Amino acid sequence: MPYRSELVFASARVRGHMAALLGVLALLGFTARDAASQAPVRLVVFITVDQMRSDYLDRFANQYEGGLARLRRGGAVFTNAFQDHANTETAPGHATTLSGREPYRTGIILNTIGVPDPRAPMIGGGGPGASPWRFRGTTLIDWMRATDSKSRALSVSRKDRGAILPIGRGKESVYWYALDGRFTTSTYYADTLPTWVQRFNDRRLPQHYAGSVWEPLLPLSAYPEPDTVAIEDLGREPAFPHTLSADTARATRSFIAFPWMDEVTVRFALEGVSALKLGAGPAPDLLAVSLSSTDAVGHRFGIASREVHDQLLRLDRTLGVFIDSLYKLRDSSTIVFALTADHGATMPPELVKPSAEGHSPVRVDVSDLVTSFFRKLVAAGVDTSAFDYQESVLFLDPEGFKRARVNRDSVARWFADSVKHVSGVARADLFSEILKADTLHDVVARRWRHAIPPDAPVAVVVTPTEGSVWGSANPGVHGAPWDADAQVPIIFYGPPFKAGRYDAFARVVDLAPTLAQALGVKPTEPIDGHVLSDALRTGRR
Ligand SMILES: [Zn+2]
């Protein structure tokens, strides 16, 4: 209590004034301690690390010294947190982060039916076009703007879905990386690129990395992982060093699988903060940054690789520079950070030892069965537009089956019964049964329930055995409803949060309402998440 000594020696008259002043402050809800420790939040910085498993936070902790070290040491760290849905992919995961809602409510259920939109081409060309047209409902920036319409958002990522979905449908400043080396947006958001984006692109930073060599950051003794595992990079270049093509056109495409993509994304974000004066306006602003190199490196080399280890060390350093730079641009007491991931990843089955009972995870291939099933449907007169199988979801359009006079339910049951016999399949559930399942005790059913809107034309959902992965030969795979793919870090950092490790069950849908509480704003629609109040300082009494 800083006023104490003055109060002790003050005259009765002055003491009376002080008491009156403190009384007014108390009425307004402030105390001297609040005023000192909690300046109003002016900038929310939300970081998604694509494919960051929860255990990466501790596994390499003694070698972190940058941003991850800072957030881990000084933040509220949730160690038992999940993307609590099936289809643990990039688009569903990003849509969940700042909406506080699971995919059954956001409508973003798979990557393939996430943001692609040919009606919204990218400015300057490239890609199929992208927009949030499939996204339902609101996100944190909408809630902030409902309180004060002067709040603004900037969202950047290597991936279109990584930039678009944390913002939802808002026409904010949303940019992603075109594979030709530029950051751009789509016509959903704007007709032209602003000057600051054009200037950044004119610097041709990705092109300057052409021919660069990725070597481990630390001496080799710092990496316990073997570096010549045959499955890494599908055997092409399993060991360090990794060289980016000297040809600039090829380099800007391959660039995305190197740690430097994160560095350039962060530099672009910082440029945007300065150009848009984010965090210096009349209302709190939002900066969302999704960093994708961890995902690309994870897919290429697998979660146990020396490359993933090095990628995380480099991410730590990049985030360190990012936080330091933001603190130079804005008052650190007015910034809050949150970090999570869109999904985790599974160990390559080839590297898993059989369990005591002799079970081994496998790569599961249901393509033969799906092909013969579809042939039967065509032979029965069902139009090809009435069925589809994507990832592990069987879509059967009820109208198409009615027109063909084929019983949709019995066809779905036949498929579910057949696919169960494929090696590596744990279960195949009718979606109608999932909607009635015990979602408290059956975690897999709950995650499927959270993954798909009840009105979607989904007939069957297929789950691999724990540790098994779908078809792809990629070392790194995710997408299953098991914990390896669902468990992710959640960290809050900044004056409103109490540092510490929290092992209570938490979900990524809790992140947005918790940030909203710290900002003093409220969701404008029903959400799935709850405020993680243990992590918040009460501050006001
Ligand atoms: Zn992802």
Side-chain angles (χ1 to χ4, degrees), residues 46-57 81-99 102-103 106 108-116 127 130 132 134-135 155-167 174 176-177 179 255-259 261-262 265-266 288-303 305 307-308 311-312 315 318-319 338-348 390-393 447 450-451 469-470 472 474-490 507-509 511:
F46 171 61
I47 302 160
T48 310
V49 179
D50 202 310
Q51 202 189 114
M52 181 165 177
R53 285 170 54 100
S54 182
D55 60 355
Y56 290 168
L57 211 51
F82 297 86
Q83 288 275 12
D84 199 28
H85 55 83
N87 298 336
T88 39
E89 294 185 333
T90 300
H94 277 83
T96 297
T97 53
L98 290 186
S99 68
E102 299 284 5
T106 65
I108 304 297
I109 64 174
L110 289 169
N111 269 343
T112 45
I113 37 181
V115 298
R134 295 181 189 84
F135 183 89
S155 185
V156 303
S157 175
R158 185 268 276 182
K159 299 181 180 180
D160 49 9
R161 51 206 176 280
I164 291 171
L165 293 167
I167 301 300
V174 176
W176 58 92
Y177 181 72
L179 295 176
F255 188 61
I256 62 172
F258 286 80
M261 183 74 240
D262 286 348
T265 306
V266 158
V289 180
S290 172
L291 299 170
S292 311
S293 294
T294 303
D295 183 65
V297 172
H299 280 303
R300 188 173 166 199
F301 299 100
I303 66 167
S305 63
E307 283 80 359
V308 160
Q311 160 59 24
L312 267 293
L315 171 73
T318 300
L319 287 176
L339 180 146
T340 192
D342 52 345
H343 51 77
T346 296
M347 183 70 114
Q390 291 199 38
E391 314 295 330
S392 44
V393 179
R447 289 185 176 157
H450 286 168
V469 300
W470 297 117
S472 160
N474 266 340
V477 184
H478 54 83
W482 301 108
D483 284 356
D485 294 350
Q487 190 166 7
V488 292
I490 293 181
R507 300 173 301 162
V508 175
V509 289
L511 196 144

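We number each residue from 1, following the sequence as shown. The model shown is predicted, which means the values in this text are computed figures rather than measured ones. All ligand and atom numbering here is 1-based and tracks the order in the structure.
Distances from the Zn ion (ligand 1) to the N/O/S atoms of D342 are shortest for OD2.
Going from atom CG of L511 over to atom CD1 of I490 covers 5.5 Å, rounded to the nearest 0.5 Å.
At a threshold of 2.8 Å, the Zn ion (ligand 1) has no backbone or side-chain N, O or S atom of H478 nearer than that distance. Residue contact annotation: D50 places an N/O/S atom under 2.8 Å from the Zn ion (ligand 1). Among the atoms of E89, no N, O or S atom is found under 2.8 Å from the Zn ion (ligand 1). With a cut-off of 2.8 Å, the Zn ion (ligand 1) has no N, O or S atom of S292 in range.
The closest side-chain heavy-atom distance from H299 to Q51 is below 4.5 Å. Here the side chains of P103 and T96 are in contact, with some heavy-atom distance below 4.5 Å. Residues W482 and T88 form no side-chain contact, since every pair of their non-hydrogen atoms from C-beta on lies 4.5 Å or further apart. When side chains are defined from C-beta on, V393 counts as touching N87, because their heavy atoms get closer than 4.5 Å.
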